[in-house]
Asks: 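Right, I'll just put the structure down here and ask away after.
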2 protein chains.
Amino acid sequence: MSTQDTIESLRQKGFRITNIRRKLIEIFSTGKKPLSVQELIEKLAKSDITANKTTIYREVYFLLEQDILVEIDFGDRKKRYESAESEHHHHIICLKCSKVQDIHLESDLSEDQKKIEQETNFTITNHTLEFFGLCNTCHTTP
Amino acid sequence: MSTQDTIESLRQKGFRITNIRRKLIEIFSTGKKPLSVQELIEKLAKSDITANKTTIYREVYFLLEQDILVEIDFGDRKKRYESAESEHHHHIICLKCSKVQDIHLESDLSEDQKKIEQETNFTITNHTLEFFGLCNTCHTTP
DNA sequence: TTGAAACCGCAACTAAGTTGCATTAATATG
DNA sequence: CATATTAATGCAACTTAGTTGCGGTTTCAA
């Protein structure tokens, strides 16, 4: 869905299109790197949009509810967000410089998932899978 | 390794065996549920050992360094810890009641890992994989 | 143009985790 | 057993991510 379509769809549902909301949708439609709330505020600032962190937390929550974003956890006590559009993938994160790269798994976890549901009686809604290590640069230059 | 062996091994390395340290090692050797720092403090209190949170943070860090514990991340902004002894496994967490159950994956991610290392030039040190959903109880009783 | 309500910002708060520094206690050695 | 060394501890103050209440502002349909 294009940025414009996303916006139109929200408008149809009765939500308002504010500068902040429009810009956020634009940022996520073009960006590939998962972004934290702090990073979003800084990105907005570069477009001369000042936004309070409370607003961004609320906006991100809204976009999650609308299935426009997905939440990602790198285990460093802050959430990151990226477009829900991109096909399901995982990440590898450099423990030193925090560089992030998308990866696509060969293994298909859906079989495991089915089996786990049967064995545990849980209904699985999602999973997290992230790899950690050192990137080429950080590995070779200590 | 038994609790006693672990303690002996630490003593050999020149570390001291305090009440807190001994009890923590005991807790992790018997418990199966990943525990947060707060939960550890409460568990110690039940054995009449009062411990400052700073101490527990430091102690947990120490035990991680000694490869006695591993850190687990459920994405709720607090770390949990469990014995490093148990064979590599993952968890499924109920989003409602926080119940945790161990799971063992059928898929072998080591092949993926190798491939990812080749493709990205990262050196992978670890990964996280957790499943989230609703347990039987929480699923049926809304 | 205007009013309802969606959205926003501020201030004050919570909770997890960290740091500096002074004190306490485990253990090796005599 | 006495005691010196230093690992371990506790306290207070701090940091950072995220949350809440509430009054003010802006969007947008009618």
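Chain A is the first sequence line, chain B the second, and so forth, proteins listed ahead of strands; every chain is numbered from 1. Note that the structure is predicted; figures quoted are calculated from it, not measured.
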Asks: Specify the separation, in whole Å, of atom CD1 of A:I17 and atom P of D:dT26.
Replies: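 Whole-Å distance recorded here is 17 Å.
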Asks: Without swapping roles, check the side chain of B:R21 against the backbone of B:R16 for a donor-acceptor pair under 3.5 Å.
Replies: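 Confirmed, B:R21 side chain pairs with B:R16 backbone.
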Asks: Enter the distance from A:Q113:CD to A:T125:OG1 here, rounded to the nearest 0.5 Å.
Replies: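 Result: 8.5 Å between the selected atoms.
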Asks: Report the residues that fulfil side-chain hydrogen bond (donor to acceptor under 3.5 Å, both in side chains) with A:D76, sequence neighbours left out, ordered by chain and then residue number.
Replies: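 Per chain and number, A:D76 pairs via side-chain hydrogen bond (donor to acceptor under 3.5 Å, both in side chains) with A:R80.
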Asks: Would you call A:K115 and A:E119 a salt bridge, taking side-chain N to carboxylate O under 4.0 Å as the test?
Replies: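 Yes, A:K115 and A:E119 are salt-bridged.
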Asks: Any side-chain N or O of B:T18 less than 4.0 Å from the OP1 or OP2 oxygen of D:dA8?
Replies: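 No, because none of the side-chain N or O atoms of B:T18 sits under 4.0 Å from OP1 or OP2 of D:dA8.
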Asks: Classify B:K79 by what it touches in the nucleic acid, base, sugar-phosphate, or nothing, heavy-atom distance under 4.0 Å.
Replies: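 If one applies the 4.0 Å heavy-atom cut-off, B:K79 turns out to touch the sugar-phosphate alone, with no base involved.
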Asks: Write down the distance between CD1 (B:I41) and P (C:dG17), rounded to a whole number of angstrom.
Replies: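 Going from B:I41 (CD1) to C:dG17 (P), I get 10 Å.
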Asks: Write down the distance between CG (B:D73) and C1' (C:dG17), rounded to a whole number of angstrom.
Replies: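 Going from CG in B:D73 over to C1' in C:dG17 covers 13 Å.
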Asks: Which residue lies toward the 5' end of DNA chain D, B:T50 or B:K53, if each is placed at its nearest nucleotide?
Replies: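 The 5'-side residue here is B:T50.
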Asks: Less than 4.0 Å between a side-chain N and a carboxylate O, is that true for A:E39 and A:K33?
Replies: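 Salt bridge between A:K33 and A:E39, a charged N being under 4.0 Å from a carboxylate O: yes.
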Asks: Could you tell me which residues satisfy salt bridge (Lys or Arg N to Asp or Glu O under 4.0 Å) with A:K43, sequence neighbours excluded, listed by chain and number?
Replies: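 So A:K43 forms no salt bridge (Lys or Arg N to Asp or Glu O under 4.0 Å) with any residue.
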Asks: Nearest 0.5 Å please: distance from the OG atom of A:S83 over to the CD1 atom of A:I68.
Replies: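 So the OG of A:S83 and the CD1 of A:I68 are separated by 9.0 Å.
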Asks: Using whole Å, report how far CG of B:L44 lies from P of D:dT9.
Replies: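 Those two atoms, CG and P, are 10 Å apart.
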Asks: Taking only the side-chain heavy atoms of A:I20 (C-beta and beyond), determine which of C:dA25, C:dG9, D:dT26 contains the nearest atom.
Replies: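 Looking only at side-chain atoms, A:I20 lies closest to C:dG9.
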Asks: Want to settle it: does B:G14 or B:T54 sit nearer the 5' end of DNA chain D, counting the closest nucleotide to each?
Replies: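 Of the two residues, B:G14 wins.
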Asks: Considering heavy-atom distances to DNA chain C, does B:R11 or B:R77 have its closest nucleotide positioned more toward the 5' end?
Replies: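 Result of the comparison: B:R77.
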Asks: Base of D:dA8, side chain of B:R58 - is there a donor-acceptor contact under 3.5 Å?
Replies: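 A donor-acceptor contact between them is absent.
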Asks: Would you kindly compare A:E59 and B:F15 by the position of their nearest DNA chain C nucleotide and give the one closer to the 5′ end?
Replies: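 Between the two, 5'-proximity favours A:E59.
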Asks: C:dG17 phosphate, OP1 or OP2: any side-chain N/O from B:Y57 under 4.0 angstrom?
Replies: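 Result: yes.
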Asks: Between B:E8 (CD) and C:dT27 (P), how many Å, whole number?
Replies: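 My rounded result for the distance is 10 Å.
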Asks: Enter the inter-axis angle for the ends of the helix from C:dT1-D:dA30 to C:dG30-D:dC1 (five pairs per end, rounded to 10°).
Replies: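 About 20° separates the two local helix axes.
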Asks: Within less than 4.0 Å of OP1 or OP2 of C:dC8, is there a side-chain N or O belonging to A:N52?
Replies: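 Negative; the distance criterion is not met.
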